[in-house]
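For this chain, numbers begin at 1 and follow the sequence in order. Both ligands and their constituent atoms are indexed starting at 1 by order of listing.
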Amino acid sequence: MRYVSTRGEAPVLGFSDVLMAGLAADGGLYVPETWPTLSREEIASFAFRPYAEIAARVIAPFVGDDMERAELEAMVAAAADTFRHPATTPVTQIAPNHFLLELFHGPTLAFKDVAMQLLARLVDRRLAETGKRATVVGATSGDTGAAAVEAFRGRENVDVVILYPHERVSPVQRRQMTTVGDDNVHVLAIDGTFDDCQAIVKDMFAHASFREAVGLTGVNSINWARIVAQVGYYFAAAAALGAPERPVSFTVPTGNFGDIFAGYVAKRMGLPIDRLVIATNVNDILVRALSRGDYRTDTVTPTSSPSMDIQVSSNFERLLFEAYGRDGAAVAALMGRLKQGGGFDIDTEPLAAIRREFSAASTDEAGTLATIGRIHKATDLVIDPHTAVGVAAAESHLTEGVPMVTLATAHPAKFAEAVEKATGLTPRLPEALADLENRPERVMRLPADTGAVETFIADTCRATREDAAQ
Ligand SMILES: *Cc1c(COP(=O)(O)O)cnc(C)c1O
């Protein structure tokens, strides 16, 4: 499989190079040259098969010849084995026609473990193969960082550097990052928002000499491997609910548009998805974009669902590329306007194409808490605020005869404060994290300044120290 950039000016690469590149050299995002498809018979055969088996089958065409099939299968299985549930990503029912796809049974209690556990193994394998060392960098609104730290800690060939917005992540999220003692883990509290953190990461990737010197590798969901690792659970859940005979809809709590884009990929691969519903909190750039055709950034408002406190949804560029008929120049022009003027209008035809596949709804703080309380009363299940934003959006998009699956993206104990407010209950952390509060923290506080972060990395990470010694 070969990959092209959404801005049309970067070299065409294979899977392994896209894995290590993250962002394309022209500032775009890599997408596959063509969409592989699965037959209806094959999709039907997925019903009630182990998650890892389905995921490996879905991922294989995107990896192509870069890896032996048996090795990929073993790696996907090892990643899934870090989850505490025998079904890896189980489906539960909350109403006659409404289901939750539980994605939070991994080591850091959020859906990002699904992709990150696989990504770390793929990256480590690739570095060993090429005899190189890398600096893995990521901006996080909380969950990506924890998942990346957990997946990359102690790995031989990698330093991991995580930037998070100071005092804008939950205490559990922060502690999951800052209490990891491994030498190859570096956690930076940035004085700014998530978007500031993401902008610093983008700047570092655009800085070619620095990027080369430290072997910069991205783990944000702009990395194609992250997206592809999330496609498997759409197939697994839909097949369990009767696909391909019966179409299924999905509602996805959305921030950076990575998870829901994986659902779009599943649809392009042949999974009969009826609607893909984008669910946001009050940071609703995507809802405004769909309703008015105006993609325009606004200030970020902190909420009880911080992993969705985002005003620039990076992966939306991948959807724009499809909606604009894979016209890289058109996408580059839009992104130029976003950078210069803070926004752009989506043209009529592409907007219609997006609206054919996607719906969108936002939920405010009161609605989020009310939903947690209501679901708890009705089912005895305790959901987290991100999942609640999804459930609320899904409830306004239920269609007779089409099962709705809402992605449950985090464990309630990760966002205990909001859950307590809504239900009066204190959700308990799973056993493995029970002593999190007592572990010592290690963190470096830095200004929202690319130069300061580059200096820290150059001084600290082994990739540069070893180059300097040679
Ligand atoms: C990251 C995250 C999201 C948003 O996912 P995107 O792929 O960025 O759209 C939603 N919920 C939780 C709990 C997350 O960690």
Worked check of salt bridge (Lys or Arg N to Asp or Glu O under 4.0 Å) between Arg292 and Asp345: CA-CA 9 Å; Arg292 303 206 300 249; Asp345 291 327; over 6 Å; no
Just need the protein heavy atom nearest to [atom], so name the residue and atom and give the distance.
| atom | result |
| --- | --- |
| atom 2 (C) of ligand 1 | Lys112 NZ, 2.4 Å |
| atom 10 (C) of ligand 1 | Pro253 O, 3.5 Å |
| atom 9 (O) of ligand 1 | Gly255 N, 2.8 Å |
| atom 7 (O) of ligand 1 | Asp259 N, 2.8 Å |
| atom 8 (O) of ligand 1 | Asn256 N, 2.7 Å |
| atom 13 (C) of ligand 1 | Asp143 OD2, 3.1 Å |
| atom 12 (C) of ligand 1 | Thr409 OG1, 3.4 Å |

Show the atoms of ligand 1 that are less than 4.0 angstrom away from any heavy atom in [X].
| X | value |
| --- | --- |
| Ala410 | 13 (C) |
| Phe257 | 6 (P), 8 (O), 9 (O) |
| Gly258 | 6 (P), 7 (O), 9 (O) |
| Ser307 | 2 (C), 12 (C), 14 (C), 15 (O) |
| Thr254 | 9 (O) |

Note: Asp182-Arg153 ion pair, threshold 4.0 Å (strictly below): yes
Arg326 with Glu322: basic N within carboxylate O range, under 4.0 Å: yes
Region of Phe111 engaging ligand 1 - heavy atom pairs below 4.0 Å: side chain
Side-chain donor or acceptor of [X] paired with backbone N/O of [Y] under 3.5 Å:
| X | Y | answer |
| --- | --- | --- |
| Gln198 | Asp195 | no |
| Asp347 | Pro350 | no |
| Asp66 | Ser16 | yes |
| Arg318 | Ile222 | yes |
| Thr387 | Ile383 | no |

N or O contact, Met308 vs ligand 1, cut-off under 3.5 Å: no
Phe104 to ligand 1, any heavy atom closer than 4.0 Å: no
Within 6.0 Å of CD in Glu437, more than 12 heavy atoms from elsewhere: no
Side chains of Ser305 and Asn281, donor plus acceptor under 3.5 Å: yes
